[in-house]
Amino acid sequence: QVQLVESGGGLVQAGGSLRLYCTASGRTFASLGMGWFRQAPGKEREFVAAISWGGGSTFLTDSVKCRFTISRDNTKNTVYLQMNSLKPEDTAVYYCAAALTSYGSRRDHEYNYWGQGTLVTVSP
């Protein structure tokens with residue numbers, strides 16, 4: 001079992017920045033592929049970013065490229081999502097997910113564990 005706890009969400013004005021944190025416990029973090037997904041009100045959950053077990057491979061959805069960065073610190077069992085130049089359309093609940101496959105994935109069904117989510121609200 002893996003427990004995931006997200007933090008760092010909040011209210012920010014358009015153009016601002018936030019850093020999301022996801023801390024894992026219960027299994028060797030360094031063996032897990034990690035991802036961030038989000039779900040806006042009235043919309044389906046969508047992929048945002050993923051990172052392989054060692055951090056050597058990262059993937060970002062097109063709408064956040066050049067604005068968001070995913071990284072991890074395996075010594076702290078934590079994955080980060082740095083979000084810059086935020087837009088109102090980034091408003092969503094952001095979920096951290098862990099995959100037993102180590103490469104990270106864009107597909108939510110490949111993730112085995114999910115956090116409870118953290119709300120990000122971007123005002124115009």
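To the nearest 0.5 Å, the span separating CD on Glu89 from CZ on Arg38 amounts to 8.0 Å. Annotation: the span from Ile51 atom CD1 to Ser71 atom OG amounts to 6.0 Å, rounded to 0.5 Å. To the nearest 0.5 Å, atoms CZ (Phe59) and CZ (Arg106) are separated by 7.0 Å. Atom CD of Gln13 and atom OG1 of Thr121 lie 13.0 Å apart (nearest 0.5 Å).
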Quick one: do Tyr103 and Ser57 satisfy side-chain contact (heavy atoms from CB on, under 4.5 Å)? Show the steps, please.
-> CA-CA 7 Å; Tyr103 57 82; Ser57 296; over 6 Å; no

Check the pair Val64, Val48 against side-chain contact (heavy atoms from CB on, under 4.5 Å), reporting the backbone distance first and the verdict last.
-> CA-CA 7 Å; Val64 307; Val48 177; 4.3 Å; yes

Phe29 vs Thr78, side-chain contact (heavy atoms from CB on, under 4.5 Å): CA-CA, chis, key distance, verdict | CA-CA 8 Å; Phe29 179 75; Thr78 300; 5.6 Å; no

Go through Met83 and Leu20 one step at a time and tell me if the side-chain contact (heavy atoms from CB on, under 4.5 Å) criterion holds.
-> CA-CA 8 Å; Met83 305 185 296; Leu20 303 185; 3.7 Å; yes

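What you find for Pro124 and Pro88 is that their closest heavy atoms are CA-CG, 4.1 Å. In terms of heavy-atom proximity, Val2 sits nearest to Ala98 at CG1-CB, 4.4 Å. Contact detail for Ser105 and Glu110: the closest heavy-atom pair is OG-OE1, 2.9 Å. Smallest separation of non-hydrogen atoms from Ala24 and Leu4: CB-CD2, 3.6 Å. Taking both residues in full, the closest heavy atoms of Ala49 and Leu81 are given as CB-CD1, 4.0 Å, listed atom of the first, atom of the second, then distance. Residues Gly8 and Leu18 come closest through the heavy atom pair O-CD2, 3.8 Å.
Val5 and Tyr111 are members of different hydrophobic clusters when ILVMFWY side chains are connected at heavy-atom separations under 4.5 Å. Cluster annotation: Leu100 is connected to Met34 through the hydrophobic network of ILVMFWY side chains, with a link wherever side-chain heavy atoms come within less than 4.5 Å. Hydrophobic cluster membership is shared by Tyr94 and Tyr113, with clusters built from Ile, Leu, Val, Met, Phe, Trp and Tyr side chains linked at under 4.5 angstrom. In this structure, Val120 is not a member of the same hydrophobic cluster as Tyr95, with clusters built from ILVMFWY side-chain heavy atoms closer than 4.5 Å. Placement of Leu32 and Tyr80 in two distinct hydrophobic clusters is found when ILVMFWY residues are connected by side-chain heavy-atom separations under 4.5 Å, directly or transitively.
Using a 4.0 Å cut-off between charged nitrogen and carboxylate oxygen, Lys87 and Asp90 do not count as a salt-bridge pair.
Ring pair Phe37/Phe47 is perpendicular by interplanar angle, where above 60° counts as perpendicular and below 30° as parallel.
Side-chain N or O atoms of Asn77 include none that pairs as donor or acceptor with a backbone N or O of Gly26 at under 3.5 Å. Within the 3.5 Å criterion, the main-chain N or O of Gly104 finds no donor-acceptor partner in the side chain of Ser52. Thr28 places no side-chain N or O within 3.5 Å of a backbone atom of Ala30 that could act as its donor or acceptor partner.
At most 12 heavy atoms of other shown residues, nucleotides or ligands fall within 6.0 angstrom of atom NZ in Lys76.
Stacking of Arg72 on the aromatic ring of Trp53 is not recorded, the 6.0 Å distance cut-off and the 45° axial limit not both being met.
Residues Thr118 and Glu6 have side chains that never bring a donor and an acceptor to within less than 3.5 angstrom of each other.
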